[in-house]
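Each chain gets a letter, A, B and so on, in the order its sequence line appears, and its residues count up from 1. Predicted model, so just to flag it, every value in this text is computed and none were measured.
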Amino acid sequence: MDQKSPKNYLVESILVTIFCCLPFGIAGIVFASQVNSKFAVGDFEGALSASKSAKKWMTWGLILSILYYVIIYFLIFGLLGITLLSVGNN
Amino acid sequence: MRKFKYFGFFLIGLVLILLYFFVNPSETNYYPKCPLYVTTGIYCPGCGSQRATYELLHFHFLGVLKQNLLYILGIFILVYHLIVSLLNTVFNKKIYNYLYHPKTPWILLIIILVFWVLRNLPYYPFNLLAPH
């Protein structure tokens with residue numbers, strides 16, 4: 001087996017799980033385990049497709065968390081701005 | 001383009017570090033809250049990470065553990081992976097990365113799931129795992 005294992009995105013998935021609040025990373029970890037086990041039995045194609053799935057889940061978890069946080073920030077600062085403006089007008 | 005990307009990451013990281021250094025998440029409502037906790041009241045495996053970041057940036061390591069025990073695991077795995085990849089690519093070493101062992105993801109997944117269940121139990125000593 002001189003072929004290199006496809007990237008399993010385990011580190012990224014775990015960071016998404018622990019540091020973003022969405023449990024999307026857990027799906028990433030499951031696919032990461034498939035990358036490792038399929039590569040270990042010599043199924044390179046299967047490992048590659050699991051790698052792609054792991055990347056997909058990890059990326060979506062990341063994007064959704066970022067979107068959620070950005071939207072919340074806009075809401076908070078938007079409301080804060082409106083409140084400040086209305087106080088200033090009185 | 002790649003340089004630009006790394007610069008972007010660096011800039012975002014710097015802003016986040018400054019933000020979490022100066023503003024304590026426990027004392028303000030301006031930080032976004034975990035969507036799972038807000039909707040269901042259940043702590044997820046990531047709850048407490050923002051407060052843990054604040055504690056870490058002030059070198060209160062006990063505080064990090066109190067907020068989220070797995071924070072340490074995340075940092076350990078990240079550092080381990082970076083060191084092994086660095087040695088293998090830059091210094092042409094052939095160190096086996098245990099993150100590519102078939103059993104590792106399952107063990108980590110079980111740790112995270114057990115932690116998730118235990119920190120939601122309202123009984124001592126499990127309630128120590130919940131963020132404070």
Can you pull out the residues in residues 107-118 of chain B with any heavy atom less than 4.5 Å from chain A? B/Leu108, B/Leu109, B/Ile112, B/Leu113, B/Trp116
Under 4.5 Å between side-chain heavy atoms, hopping through other hydrophobics if needed: is there a path connecting B/Phe22 to B/Leu57? yes
Distance from B/Leu70 atom CG to A/Ile14 atom CD1, nearest 0.5 Å? 9.5 Å
Counting only heavy atoms not in A/Lys38 (residues, nucleotides, ligands), do more than 12 fall under 6.0 Å from its NZ? yes
Determine which pairs satisfy side-chain hydrogen bond (donor to acceptor under 3.5 Å, both in side chains) with at least one residue from residues 120-131 of chain B, sequence neighbours left out, and list them in order. none
I need the minimum non-hydrogen distance between A/Pro6 and B/Tyr100, along with the two atoms involved. O-CE2, 3.5 Å
To the nearest 0.5 Å, tell me how far B/Ile12 CD1 sits from A/Ile66 CD1. 7.5 Å
If hydrophobic clusters are built by linking Ile, Leu, Val, Met, Phe, Trp and Tyr wherever their side-chain heavy atoms come under 4.5 Å apart, do B/Trp106 and B/Tyr96 end up in the same one? yes
Quick check for you: among B/Leu99, B/Leu78, B/Ile77, which has the greatest number of heavy-atom pairs under 4.5 Å with chain A? B/Leu99
Residue part contacting chain B, namely of A/Leu10, when any heavy atom lies under 4.5 Å: side chain
Tell me if a side-chain donor or acceptor on A/Ser37 pairs with a main-chain N or O of B/Pro102 at a distance below 3.5 Å. no
Can you see which heavy atom on B/Pro105 is nearest to which on A/Ile29, and at what distance? O-CG2, 3.6 Å
Could you list all the ring-ring contact (aromatic ring centres under 6.0 Å, His included) pairs where at least one residue sits in residues 65-91 of chain B, not counting sequence neighbours? A/Phe19-B/Tyr71
Suppose a student defines contact as a heavy atom less than 4.5 Å from any heavy atom of chain B. Which residues in residues 45-52 of chain A would they list? none
From B/Cys44 atom SG to A/Ile18 atom CD1, the distance as rounded to the nearest 0.5 Å: 10.5 Å
